[in-house]
Amino acid sequence: MHGKSALITGITGQDGSYLAEWLLSRGYRVYGLVRRSSTENLERIEHLKEQINLISGDLLDQKSLIAAVETACPDEVYNLAAQSFVPVSWHQPVLTAELTALGVTRMLEAIRTVNDKIRFYQASSSEMFGRVQEVPQTEKTPFYPRSPYGVAKVYGHWITVNYRESYGMFACSGILFNHESPRRGLEFVTRKITNAVARIKLGLQDRLVLGNLEARRDWGYAGDYVKGMWLMLQQETPGDYILATGETHTVREFVKIAFEHVDLDYEKYVVIDPRLFRPAEVDLLLGDPSKARAGLGWQPEVSFEQLVKMMVDADLARWGKKV
Ligand code: NAP
Ligand code: G4F
């Protein structure tokens, strides 16, 4: 009896790297889809290179997805690949839709073509709630996306639900609220802050330019969230679940804690640039993770403060080694 195998799209991203670690620890054979690049982009999975199998492919290319599923013969597919940075979605709305929306259909079609018994996880997002219709947000809260990215994710969510209902596929949509880590991309606000705090503390930078400090997010730790993704695919029946902490904080609170952690006063270093405000903002996100807690036995383990400090410490260590 061999162990299970899984195919992860987006394995080079933040979540992909944590999910690969988690699945390897459960005895899975792990395959990852990587798109061609002129320079190697495997930093987050460098430490796993000997244990995982990388397959060349692209969410824009149907044939490559079918070939990837044929090669991996997975029991489970985790579709994490996307154009995931919200501001870029206003500059590249068509590419965002091709990847973040239609890419989901291409992956579902690849599964249906090769073996429709493969279980499927779709990385949906709290961005779908946008201008929130109720607080806190549950699996039943209507969507009101506020960015081309959010609109694309709504499509990805519903096509996943539709393939489950149309073809009886085991397809789940995980509606994940913001989750961060030392592996978060540097353009996202949390990592932008912790990276700058470390550099300011070490005398490498003297200010941090930010946009809207009053936006609220429900921030958790990515390492906790990938376990929830896996749990969704281990159930008897497929379904959609919110993963969130049930706490909301402003960007300003994140900034304050990050600077205080290195004994600095943020007000001396933070500069507001109106150009970083978004054409339409998601002002408040607060998720209700009750369904995941009751149905999956999932709950986050890292608190907001622990998360901020973990990220600052990791950036301090990284820059400390360089100076
Ligand atoms: P991320 O770090 O930005 O990773 C995105 C991944 O998608 C990367 O591996 C990237 O590959 C890959 N990708 C992009 N375009 C591709 C293409 N054309 N073909 C194949 N792969 C492609 O994102 P993340 O934070 O790990 O998030 C994972 C997923 O969860 C995304 O779908 C995101 O939208 C969603 N999500 C994230 C959060 C969050 O707070 N992190 C919350 C809700 C939902 P390269 O390395 O080659 O660029
Ligand atoms: O860190 P952010 O860019 O994340 P955002 O837009 O919430 O999106 C992330 O979470 C989603 C889940 O809700 C994912 F689906 C998505 O893929 C991504 O992972 O921005 C957070 C908040 C925003 O309100 C933004 O206006 O921070 C505010 N902000 C203020 N100054 C800034 C900045 N955001 C960025 N990126 N850079 C700034 O300088």
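Remember, it's 1-based here, ligands and their atoms both numbered in the order they're listed. Just so you know, residue 1 is the first one in the sequence shown, and it goes up from there.
Atoms of ligand 2 lying under 4.0 Å from any heavy atom of Leu285, numbered from 1 in the order shown and given with element: 13 (O). The atoms of ligand 2 that sit less than 4.0 Å from any heavy atom of Asn212 are 28 (C), 29 (N), 30 (C), 31 (N). Of all the atoms in ligand 2, the ones that sit under 4.0 Å from a non-hydrogen atom of Ser125 are 11 (C), 12 (C), 13 (O), 14 (C), 15 (F). The Ala215 neighbourhood of ligand 2 comprises atoms 24 (O), with distances under 4.0 Å to a heavy atom of that residue. Heavy-atom proximity to Phe85, at under 4.0 Å, picks out these atoms of ligand 2: 3 (O), 36 (N). Within the listing of ligand 1, atoms 17 (C), 18 (N), 19 (N) sit less than 4.0 angstrom from a heavy atom of Asp58.
Ser64 and Asp58 share no side-chain donor-acceptor pair at under 3.5 Å. Side-chain contact, Glu76 with Tyr28: a donor N or O sits under 3.5 Å from an acceptor N or O. Between Tyr121 and Ser173, the side chains place no donor N or O within less than 3.5 Å of an acceptor N or O (distance only, hydrogens not considered). Arg35 and Asn41 share no donor-acceptor pair across their side chains, judged by distance under 3.5 Å alone.
Any N or O atom pair closer than 3.5 Å counts here, and Leu60 shares no such pair with ligand 1. Residue Gly211 has at least one nitrogen or oxygen atom sitting less than 3.5 Å from a nitrogen or oxygen atom of ligand 2, judged on distance alone.
The side-chain tip of Arg183 points at the ring of Tyr18 from less than 6.0 angstrom away and within 45° of straight on. Judged by the 6.0 Å and 45° rule, Lys227 forms no cation-pi pair with Trp230. By the 6.0 Å and 45° rule, Lys291 stacks over the aromatic ring of Tyr241.
Regarding atom 26 (O) of ligand 2, its nearest protein heavy-atom neighbour is Glu281 OE2, 2.6 Å. The shortest contact between atom 8 (O) of ligand 2 and any protein heavy atom is with Val86 CG2, 3.7 Å. At the top of the distance list for atom 41 (N) of ligand 1, counting protein heavy atoms only, stands Arg184 NH1, 3.2 Å. Nearest non-hydrogen protein atom to atom 1 (O) of ligand 2 is Val189 N, 2.8 Å. Shortest contact from atom 42 (C) of ligand 1 to any protein heavy atom: His179 CE1, 3.3 Å. Shortest contact from atom 23 (O) of ligand 1 to any protein heavy atom: Ser84 OG, 3.5 Å. Counting only heavy atoms of the protein, atom 6 (C) of ligand 1 lies nearest to Gly10 CA, 3.6 Å. With respect to atom 43 (C) of ligand 1, the closest heavy atom belonging to the protein is Leu176 O, 3.1 Å. Closest to atom 38 (C) of ligand 2, if we only count protein heavy atoms, is Lys192 NZ, 3.7 Å.
Using a 4.0 Å cutoff on heavy atoms, Asn178 counts as a contact of ligand 1. Not close to ligand 1: Gln83, with no non-hydrogen atom less than 4.0 angstrom away. Not a single heavy atom of Gly174 sits under 4.0 Å from any atom of ligand 1. Ligand 1 has Tyr149 within reach: a non-hydrogen atom of the residue lies less than 4.0 Å from it.
Comparing Arg278, Arg275, Arg216, Glu187 by heavy-atom distance to atom 2 (P) of ligand 2, the nearest is Arg278. Across the listed options Leu210, Asn178, Leu208, Asn178 owns the non-hydrogen atom lying nearest to atom 5 (P) of ligand 2. Closest heavy-atom approach to atom 16 (C) of ligand 2 within the set Ser84, Gly13, Ala82: this belongs to Ser84.
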(message) Checking His261 against Glu305 for the side chain to side chain donor-acceptor pair (under 3.5 Å) test, could you report, in this order, the C-alpha distance in whole Å, the side-chain angles of both residues, the deciding distance, and whether it holds?
(response) CA-CA 10 Å; His261 186 49; Glu305 280 216 6; over 6 Å; no
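Residue contacts with ligand 2 for Arg184 involve side-chain atoms from C-beta outward but no N, CA, C or O (heavy atoms, distance under 4.0 Å). Of all the heavy atoms of Gln14, the ones lying under 4.0 Å from any atom of ligand 1 are found in both the backbone and the side chain.
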